[in-house]
Structure formats: C-alpha cells, structure tokens
J.: 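Take this structure first; my questions come after.
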Amino acid sequence: MARILITSAIPYINGIKHLGNLVGSQLPADLFARYHRARGDEVMFLCATDEHGTPAELAATKAGQPVAEYCAEMWEVQDKLGKGFGLSFDHFGRSSSDQNHKLTQYFAGKLADAGLIREVDDQQMYSNTDGRFLPDRYVEGTCPNCGFEDARGDQCDNCTKQLDPVDLINPRSTISGSTDLEMRPTKHLFLGQSTMKDQLEAWIDSKNDWPILTTSIAKKWLNDGDGLQDRGITRDLDWGIPVKRGDQDWPGMEGKVFYVWFDAPIEYIACAGEWAEANGKAEADWQRWWRTDKGADDVRYVQFMGKDNVPFHTLSFPATILGSGEPWKLVDYIKSFNYLNYDGGQFSTSRGRGIFMDQALEILPSDYWRWWLLSHAPESSDSEFTWENFQQSVNKDLADVLGNFVSRVTKFCRSKFGETVPTGGSYSEQEEALIKELQEKLQFYQAHMEAIEIRKSASYLRAIWVAGNEYLQSAAPWAVYKEDPERAAAIVRFSLNLIRLYAVLSAPFIPDASKSMLTAMNADGAEWPDTIEEALGALEAGQEFTVPENLFRKITDDEREEWQEKFAGTRD
RNA sequence: GGCGGUGUAGCUCAGUUGGUUAGAGCAGCGGAAUCAUAAUCCGCGUGUCCGGGGUUCAAGUCCCUGCACCGCCA
C-alpha cells in the first residue's frame with residue numbers, strides 16, 4: 001500500500017473560480033486522489049484558499065467588509081462549491097490560518113539563519129489618503145514619454161515603455177483616486193534564490209519523468225536573461241502574515257507582511273496541521289506526511305497546477321524547502337496544465353465570460369462537468385470548451401453509452417425476470433471473450449491513471465463502457481429469450497455485473513452516478529477489482545436490485561443555445 | 001520588442017527516441033437490430049500533417065525561415 005500526498009494549487013480567495021481554474025488543478029487532483037483511495041492506497045489530499053495580498057483587500061473594500069470577514073465568507077463559498085463538485089479534500093484549509101502564520105514565520109527564520117535572506121532598502125509610493133503603500137500597478141498617471149493619461153506605475157499601456165511610479169506625471173492612486181502621494185523609503189526582505197540556482201537546477205534535471213510543460217517553464221526561469229533572480233518576500237500591507245523571524249520580532253520589519261507568494265505554498269504544509277487539529281490528530285500524524293525524518297520518506301508527493309503556477313512550485317517553494325536545511329518533503333511529481341479556453345477566447349472573470357463553478361452547478365449536476373472537463377483536460381496544449389462539443393460528449397458518452405446501458409439491462413431484466421439477478425443458464429465464449437477484453441482495457445486504464453494521463457484514462461474508461469454495449473448487442477438476450485430463456489438469464493446476470501463493475505471503475509470520474517449505480521445494484525461499498533473475472537461474479541443469482549432513474553439526461557439544442565447566449569459575457 | 005507554446009480529417013484531439021498504405025472519438029453517409037434515454041451495434045476517411053527551404057536511404061516527427069493564433073515578460 002503506497003502513501004500518496006496530493007496537493008492542488010490553492011485558489012485565490014477573491015471570487016468564484018471558473019471551469020478553467022477547476023480543470024487546471026483541483027479536479028484532476030481529485031481524480032487522482034479518488035483513484036488511489038480506490039486502489040487501497042493511503043492518501044492525503046490537501047487544498048486551501050490563498051487569502052493574502054492586495055486583490056483580497058480591494059475585493060473586501062468593494063464588498064464593504066473587513067478583509068478577514070470577507071475571506072471567511074468567501075472560504076465558505078469556495079468550500080461549498082468544492083463539495084458541490086465532489087472534490088474530496090481531506091482538508092480544505094486557509095492560508096490565513098494560525099498554523100500557516102507560525103510555519104511561514106518559522107521558515108523565514110530558518111532561511112535567515114542559513115544566510116539566505118537579505119534586507120534591501122527601497123523607495124515606494126505611499127498614499128496619504130489611503131494610508132498605505134501602493135504596489136506599482138495601483139498607481140496611475142500621465143506617461144512622461146507619450147502623454148497617455150492612464151499609464152500604470154509599472155508600464156505605459158499606450159507606448160509600452162517600462163516606467164517607475166515616480167516618473168508618472170500627476171500620479172494618482174487607483175484605489176481612491178487620491179493624488180496625495182509621496183515616495184517613502186521602505187525596506188524589504190529578499191530570498192536568495194540566485195545562490196541556490198545550481199542546486200535547484202540539479203534537482204530539476206533529476207526529474208526526467210516530469211511533463212515537458214513543467215520542466216521547460218522551470219528551465220526558462222533558471223536560465224533566461226540574468227538567470228534566477230532573488231525575490232522580494234515582504235510587502236507593505238496590513239493583511240497578511242506579519243514578518244517575524246521564527247517567533248522573534250524582526251527589527252526594521254515592523255508593520256510589514258510576507259508576500260503572498262511566499263506564504264501560499266507553505267500553506268500546503270500548514271494545511272496538514274489544520275487537518276490534524278480539525279480531526280483531533282496529533283502533531284506526529286501530519287508530520288508523517290511532510291517530514292522525511294518523521295515517517296514521510298516513503299511518501300510520494302504529487303502537485304497539480306495550471307502552467308502559470310509552475311515557476312513558484314519548481315523554484316520558489318523548493319528554494320524555501322531546501323534553503324531551510326530541514327528534512328521537509330519535496331515534491332516528487334508536478335502535473336501541470338495548459339489553459340482551457342472558452343468558445344474561441346479566454347475565460348474572463350472581469351467580463352463574466354465563460355462558466356463559473358456556481359453557475360455550472362445551477363444548470364447541471366457535477367458529474368456532467370467532471371466528465372467533460374476531465375476527458376478534455378488541457379494536458380498537452382490549451383484546449384477549447386464549446387457548447388456543441390459539451391452537448392455532444394455528454395449526450396453520447398454519458399447518456400447514450402453508459403446511462404442507456406444501465407437502463408436497457410435493468411429494464412429488460414425487470415420485464416422478463418423481475419428485479420432479481422436471474423438464476424440459471426451458463427456462460428459461453430462470449431462472456432469469456434469480454435472478460436479478456438475488459439481485463440486488457442483495465443490494465444491500460446490503470447496504467448494511464450497512475451501516469452496521470454487524464455484524457456487517455458478517460459478514453460479507456462469510455463472504451464470499457466462501449467465494450468458492454470458491443471457484448472449486449474451480439475449476445476442479444478431479447479432474441480435469445482424466445483428460444484432459450486436460461487441462456488438469456490445468464491446474459492442478463494452477466495450484464496448486471498457489468499453495471500456494478502462500471503460503477504466501481506467510473507467512480508473517480510463520476511462519483512455521484514457511480515454511487516447511484518452501486519445503490520441500484522445493492523452493491524454499496526464494492527471495491528476495485530483484482531481481476532475482471534472475479535468482479536463479474538460478485539452479484540449472485542437471486543440477489544435483488546432496483547431499476548434506477550436514468551443516470552444522465554440529455555442536453556437539448558434549446559438549452560445549448562440558451563446557455564451559449566447566457567454565458568457569452570459582455571465584450572468590450 | 002524578447003521568450004515560450006500552438007498550428008494534423010467538418011469539430012475536439014492522439015501521434016513514443018525520425019521508419020511500412022497518418023490515427024481515435026464525435027459529426028456525416030449506408031446497413032443491422034428493436035431490450036433501452038429515437039438509445040445500441042456493424043461498415044465507410046486521399047486529410048497540400050500552416051507555407052517555403054534544408055538534413056537524411058527515410059520527416060507530421062530534426063534544423064532554418066515565413067505566416068497565423070495564444071500566452072508570459074520587459
């Protein structure tokens with residue numbers, strides 16, 4: 001029995017995520033977690049909300065709430081939506097947790113002890129009206145080069161010249177519009193990633209089984225331009241984890257917090273601490289997942305994320321771990337995803353373009369989305385959501401191929417033999433052939449699941465469903481019944497067992513439908529098969545079952561058109 | 001402007017270290033069957049593998065170049 005630690009990139013707190021976000025990390029991570037649990041492995045699956053930083057503060061202000069209150073509410077919303085999609089986290093934590101505060105400060109202390117943190121003096125725009133320092137992108141003004149009036153502090157969108165906020169003519173705060181700004185001296189901590197470049201590169205080089213997308217992004221950051229740069233890990237904000245060196249104050253850093261990208265990955269670890277606390281576990285219970293000196297040496301750690309998160313997970317976070325000089329668990333495999341586009345363009349939060357998690361669940365159950373998203377996961381390149389494709393895939397794969405199989409078998413049985421697994425008759429070479437075929441397909445399905453080849457896994461699962469229809473069509477119990485009811489009984493008994501098998505094998509993709517199938521077959525708790533032959537003998541003659549409601553309904557053309565229009569968003 | 005990605009059948013996509021007549025699912029066309037959510041099953045694919053050069057006995061697969069789309073960065 002293997003031990004597998006799984007983390008999904010943690011979604012930012014300000015608002016509801018769209019389906020592109022979902023398929024880029026949480027959903028495939030859930031698939032992997034469910035699969036390994038089903039295989040009997042010990043799994044720890046963690047995710048959390050990423051709560052710090054300026055966007056959270058601004059969103060809270062806009063909502064007219066204190067930021068802590070806003071985050072708490074949004075956490076509830078995201079937690080509920082995650083459950084709605086069947087995301088089976090062992091714990092859904094918060095980067096603002098007490099555990100993360102302590103652990104982030106602890107890591108900073110260790111990094112400082114190791115000489116990897118230096119203090120840098122800087123000047124930054126301060127808004128007297130807002131009572132805060134303004135990050136570059138929150139200052140706007142007139143471009144000194146081209147006269148464009150809405151140039152940002154970091155760059156002029158009109159002439160593309162790189163700017164410094166101090167260069168702007170008539171600078172103003174984008175938060176309040178105030179022009180009462182001044183440059184103030186400030187001081188920040190930088191993490192000495194550059195001195196760890198060789199160590200990080202050697203580590204990346206040792207990972208020759210990682211997706212090309214993952215390693216190529218890491219290599220680019222390691223070697224592009226002047227190579228890996230030191231990174232500021234503090235900010236002049238109120239909302240965040242106060243800068244401390246372990247549990248000691250950090251002279252000169254009063255009133256500052258750690259940069260969100262420093263504390264967010266540490267939350268992966270802290271989240272396990274939250275899990276322990278929430279479940280009445282001891283410290284050792286979570287440390288055996290994260291400390292190689294305390295039992296985590298046999299853990300395989302797999303991370304899931306969108307490609308925009310790769311640099312932080314291949315370089316910054318490992319720099320934190322390695323730099324600490326302590327035996328924390330490093331990631332073993334990083335599964336990264338490209339982007340899912342929406343109907344010829346990007347999903348856009350600001351323009352309301354595309355489908356968001358709450359809206360998706362309002363119009364269809366989660367299994368429909370899970371199936372489409374996972375079977376079209378953007379693994380090798382950006383992929384595309386279109387309503388036509390969604391409608392066709394759901395109707396064909398779920399309703400026609402799987403759903404109708406369950407329907408035709410159970411209803412035929414009910415009409416000829418009643419709601420009991422029929423007795424009598426014997427199996428023939430037809431059943432033997434199918435067993436052999438399914439055994440083969442199962443091997444491929446499992447191999448792809450283990451390799452986290454999601455689309456390929458989905459296509460093998462689908463092929464397993466199709467094989468059932470092929471069998472039924474050629475065995476034709478409705479025709480056989482007229483001459484040889486005993487033989488028809490055997491075919492139906494075998495087919496009912498196929499339903500049970502499909503439920504088990506499909507559970508990682510479509511857990512709710514899987515549960516309905518198992519309940520209908522009176523087989524709750526059925527386990528992953530050792531062999532197909534054995535699994536197809538699990539339901540015995542005489543056992544009762546029920547004919548379930550149709551597992552999946554079809555999406556009509558009218559609905560498709562309605563939704564297409566509804567989610568098109570407002571273009572500018 | 002720099003860097004990276006993508007460009008394969010109507011659609012969504014596979015194509016391992018270059019090697020026989022380029023594949024899958026869907027859609028489409030024809031047929032079988034009638035248990036079932038008009039569902040299922042069988043059969044049918046010559047598509048300048050974006051264009052142009054080049055390397056090679058051999059390139060969708062490597063190199064150069066042009067074009068298009070996308071993303072990141074400055």
Side-chain angles (χ1 to χ4, degrees), chain A residues 20 136 152 154-157 159-164 208 211-221 223-226 229 306-311 336-347 372-373 375-417 448 451 453-463 465-482 488 491-492 495-496 499 547-556:
Chain A
D136 292 353
R152 290 205 320 257
D154 51 350
Q155 177 184 31
C156 173
D157 283 334
C159 68
T160 74
K161 273 252 166 58
Q162 185 192 351
L163 301 173
D164 204 283
N208 47 28
I212 292 169
L213 182 67
T214 304
T215 48
S216 68
I217 292 174
K219 290 266 184 181
K220 186 192 160 211
W221 280 60
N223 298 313
D224 230 37
D226 298 328
Q229 299 298 300
K307 60 184 171 187
D308 50 329
N309 275 328
V310 168
S336 53
F337 291 86
N338 288 284
Y339 293 139
L340 178 68
N341 289 320
Y342 178 79
D343 218 2
Q346 286 184 294
F347 277 86
W372 190 89
L373 289 169
S375 61
H376 293 77
E379 290 178 289
S380 60
S381 65
D382 290 357
S383 66
E384 175 95 0
F385 176 94
T386 65
W387 283 101
E388 289 81 2
N389 189 297
F390 177 68
Q391 180 195 22
Q392 284 173 2
S393 294
V394 164
N395 288 357
K396 185 72 184 178
D397 298 347
L398 296 181
D400 296 348
V401 173
L402 177 62
N404 183 55
F405 178 78
V406 172
S407 182
R408 66 196 296 205
V409 169
T410 53
K411 286 176 181 167
F412 179 75
C413 184
R414 180 172 61 186
S415 74
K416 305 298 185 210
F417 305 101
H448 284 127
E453 304 262 16
I454 295 171
R455 301 175 83 125
K456 287 178 181 168
S457 301
S459 83
Y460 271 98
L461 178 58
R462 187 185 185 285
W465 298 339
V466 166
N469 278 315
E470 288 171 11
Y471 161 75
L472 204 60
Q473 200 67 26
S474 76
W478 49 88
V480 171
Y481 184 79
K482 294 167 192 161
I491 294 169
V492 170
S495 299
L496 288 166
I499 294 175
V547 175
E549 293 294 309
N550 284 345
L551 292 176
F552 301 98
R553 70 178 188 81
K554 294 204 194 192
I555 297 167
T556 65

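Residue numbering restarts at 1 for every chain, and letters A, B, ... go by the order of the sequence lines. Since the structure is predicted, the reported quantities are computational estimates derived from the model, not experimental observations. Just the heavy atoms: all of them, side chains too, but no hydrogens, waters or symmetry mates, feed the values below.
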J.: If the P atom of B/C70 is compared with that of B/C29, how far apart are they to the nearest Å?
T.: 34 Å
J.: Starting at the 5' end of nucleotides 30-37 of chain B, put B wherever the base has a protein heavy atom under 4.0 Å, S where only the sugar-phosphate does, and a dash everywhere else.
T.: ---SSBBB
J.: Are the aromatic ring centres of A/Y471 and A/F405 under 6.0 angstrom apart?
T.: no
J.: Taking atom types as modelled and ignoring hydrogens, do the side chains of A/D397 and A/W372 form a donor-acceptor contact shorter than 3.5 angstrom?
T.: no
J.: Considering residues at least two apart in sequence or located in another chain, which fulfil the side-chain hydrogen bond (donor to acceptor under 3.5 Å, both in side chains) criterion with A/R455?
T.: none
J.: Taking atom C1' of B/G5 as reference, at what distance in whole Å does atom CD of A/E384 sit?
T.: 16 Å
J.: Would you say A/S383's side chain and A/H376's backbone share a donor-acceptor pair under 3.5 angstrom?
T.: yes
J.: If we take the C1' atom in both B/C11 and B/G45, what is their distance in whole Å?
T.: 15 Å
J.: Under 4.0 Å, counting only non-hydrogen atoms across every strand here, what does A/S474 touch: a base, just sugar-phosphate, or nothing?
T.: nothing
J.: Take the protein atom CG of A/N389 and the nucleotide atom P of B/G10, then report the distance between them rounded to whole Å.
T.: 16 Å
J.: Calculate the interatomic distance between A/N395 atom CG and B/U12 atom P; express it in whole Å.
T.: 18 Å
J.: If you check the A/K396 side chain, which of B/C26, B/C42, B/U12 turns out closest?
T.: B/C26
J.: Starting at atom OH of A/Y339, determine the distance to atom C1' of B/G5, rounded to an integer number of angstrom.
T.: 11 Å
J.: Which is more 5' along RNA chain B, the nucleotide nearest A/E470 or the one nearest A/E453? Just name the residue.
T.: A/E453
J.: A/W372 has an atom CH2; how far is it from atom C1' of B/U12, in whole Å?
T.: 8 Å
J.: Quickly work out the A/N338 CG to B/G7 P distance and round it to whole Å.
T.: 11 Å
J.: To the nearest Å, give me how far apart CZ (A/F337) and C1' (B/C70) are.
T.: 19 Å
J.: For a quick check of understanding: with a heavy-atom distance under 4.0 Å over all strands, which category does A/V466 fall into, base, sugar-phosphate or nothing?
T.: sugar-phosphate
J.: Measuring only the P atom in each nucleotide, how far is B/G54 from B/U12? A whole number of Å is fine.
T.: 33 Å
J.: Pairing check on B/C57: which nucleotide meets the Watson-Crick or G-U wobble criteria with it, both distances under 3.5 Å?
T.: B/G19
J.: Could you measure between the two C1' atoms, the one in B/U6 and the one in B/U61, and give it in whole Å?
T.: 16 Å
J.: Looking at residues at least two apart in the chain, or sitting in another chain, which of them share a side-chain hydrogen bond (donor to acceptor under 3.5 Å, both in side chains) with A/W478?
T.: none
J.: Would you say A/R462 reaches B/C26's phosphate, i.e. side-chain N/O to OP1/OP2 under 4.0 Å?
T.: yes
J.: For B/C41, what is the paired nucleotide under Watson-Crick or G-U wobble rules, both distances under 3.5 Å?
T.: B/G31
J.: Which heavy atom of A/A377 sits nearest a heavy atom of A/I454, and at what distance?
T.: CB-CG2, 4.2 Å
J.: Specify the separation, in whole Å, of atom CZ of A/F385 and atom C1' of B/C13.
T.: 16 Å
J.: Does the side chain of A/T410 reach to within under 4.5 Å of the side chain of A/L496, using non-hydrogen atoms?
T.: yes
J.: Output the distance between atom CZ (A/F385) and atom CG (A/L340), rounded to the nearest 0.5 Å.
T.: 8.0 Å
J.: Considering only atom C1', compute the distance from B/A68 to B/A22 and round it to an integer number of Å.
T.: 24 Å
J.: Can you tell me how far P in B/G5 sits from the matching atom in B/C64, rounded to whole Å?
T.: 12 Å
